[in-house]
There are 2 protein chains.
Amino acid sequence: MIRKNGRVTTSATDDLWGEAGPGSRRILEAALTAFAARGYHGASTRDIAAAAGMSPSAVYAHHRTKEDLLYAISLAGHRSALAAVERALAEEVTAVGRLRALVHDYTAWHARHHQLARVVQYELGALAPDHRDEILRLRRRTEEVVLDEIAAGIASGAFRTEDPGGVALAVLSLGVDVSRWYAPGGHHTPVSLGRRYATLVLAMLGTDHRSATAG
Amino acid sequence: MIRKNGRVTTSATDDLWGEAGPGSRRILEAALTAFAARGYHGASTRDIAAAAGMSPSAVYAHHRTKEDLLYAISLAGHRSALAAVERALAEEVTAVGRLRALVHDYTAWHARHHQLARVVQYELGALAPDHRDEILRLRRRTEEVVLDEIAAGIASGAFRTEDPGGVALAVLSLGVDVSRWYAPGGHHTPVSLGRRYATLVLAMLGTDHRSATAG
DNA sequence: ATAGTAACTATGCGAGTGCTTAGTTTTCTT
DNA sequence: AAGAAAACTAAGCACTCGCATAGTTACTAT
């Protein structure tokens, strides 16, 4: 349920699209579905327009090019992922709790938003160079958050590893790869996956996973 | 080193293409490069023909359709990956040694053949349904090898985990995701990555990674 | 009611798509 | 040397692509 200008929202993907109007939003959602299903090059602007219930040319009143659609989706997606990660950290104080929340929410984000994540993670190459650079800067910030968190846990003595960079790489890879294969309705859920991967990552870091859940 | 029809070859990607003739081989290699760089839908048959040094129609003397190219590449790639995994296991006897070799070689394969791996792992959706089904059967065999290996290590008491399925998922995901970001010339190599991920996975399994390397 | 604006549709251009057909050159066999 | 087979090229068909232009409808503000 979306209401605008006096706004009430309940869906999980809300305010992803920022200040975009309802027409623009329908197009972005149609483009997202199409890009996720068939890839950027495999989805035509006619597909997208039809899925949005419009004529092909109506798309261009809202978005200058097809690449602009991908750019808007990529930007919104990366911002959403980064926000999810930062929100996870904001609620925890211990090294174990923070990292567990980080891995859990990053993983769960990729499952819950598997369509968005797929586009965001696998269609980077279809972006114009300057747009790609901007997206890559956002991604690098997410990577730094993960690495910093692991480093902090090592500094405090909570984690023990000879390869913090490898663990960070693994955290990011495990999360991203979820969007490759995840499908709702299977025997995984965003939360179950988040929990399992968080436990595995804590094991990589030499913590006993039966210890501290919060506090 | 592979010998074929009196021919001696040393390159790492040899006999990937089976009994294909030299013309067909050039096309497959051009298609592989193009698919890896721009995706299946982003690569045109003219691109591929030009990269193979042929006219567009010459391609069709060797391969019936563009989708057939993808199918041949996918089949060769999955067979190669499965063979790499089985070869890794053939040389080790202990649970730790076997799993270390498995993770190492699966990861290194995705780095060393990052173009092939990318096509194989991310362009499945562009295959015709029956071709996709066949490829998925091959993939499932690889998944089973990983899961069986972990289960065997648990049964023998070498590994300790409450979530063998999660570890198997992680092993496969870590390996596959390498092909998304890996580029030669960076500060990773197939071997360095293989070693790091093998260590991380053994940590997930509750083994002290400073123990048994071989034997 | 009227004017202005935002949101749309119909139509289609020029380029590029996968693939075919017909014909030419090269290579192999004998 | 002659014939068959394999490997190619030139040209183009039928279609789809991203996107533009011109015109229509729906809505809003006064």
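A note on names: the letters A, B, ... follow the listed sequences, proteins ahead of strands, and every chain is numbered from 1.
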Using a 4.5 Å cut-off on heavy atoms from C-beta on, say whether the side chain of B/Leu172 contacts that of B/Tyr106.
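SC-SC contact between B/Tyr106 and B/Leu172 confirmed.
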Using side-chain heavy atoms (C-beta onward) and a distance below 4.5 Å, is A/Phe159 in contact with A/Val167?
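They are not in side-chain contact.
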Does any N or O in the side chain of [X] come within less than 3.5 Å of the main-chain N or O of [Y], such that one atom is a donor and the other an acceptor?
{"X": "B/Arg46", "Y": "B/Pro56", "result": "no"}
{"X": "B/Arg118", "Y": "B/Arg180", "result": "yes"}
{"X": "A/Arg100", "Y": "A/Ala198", "result": "no"}

Please assess A/Leu200 against A/Leu174 for the test side chain to side chain contact (heavy atoms under 4.5 Å, CB included), listing each intermediate value before the final yes or no.
CA-CA 10 Å; A/Leu200 293 181; A/Leu174 287 174; 5.6 Å; no
Could you list by number each residue of residues 32-50 of chain A showing a heavy-atom separation from DNA chain C of less than 4.0 Å, or answer none if no residue does?
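Going residue by residue through residues 32-50 of chain A, the ones with a heavy atom under 4.0 Å of DNA chain C turn out to be A/Arg46.
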Nucleic acid contacts of residues 51-70 of chain A, taken as heavy-atom distances under 4.0 Å to DNA chain C:
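Within this stretch, A/Met54, A/Ser55, A/Ser57, A/Ala58, A/His62 sit under 4.0 Å of the strand.
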Please round to the nearest 0.5 Å and tell me the distance separating atom CD of B/Gln121 and atom CZ of B/Arg139.
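Output value for this atom pair is 4.5 Å.
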For the helix from C/dA1-D/dT30 to C/dT30-D/dA1, what angle separates the axis at the start from the axis at the finish, each from five pairs, in steps of 10°?
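The angle separating the two end axes equals 20°.
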No-hydrogen, no-angle side-chain donor-acceptor test under 3.5 Å, B/Trp109 and B/Ser80
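Yes.
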Would you call the rings of A/His188 and A/Trp181 parallel, tilted or perpendicular if under 30° counts as parallel and over 60° as perpendicular?
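Because their plane-to-plane angle is over 60°, the rings of A/His188 and A/Trp181 count as perpendicular.
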Neighbour count >12 (heavy atoms, 6.0 Å) for atom CZ, B/Arg195:
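12 or below, so no.
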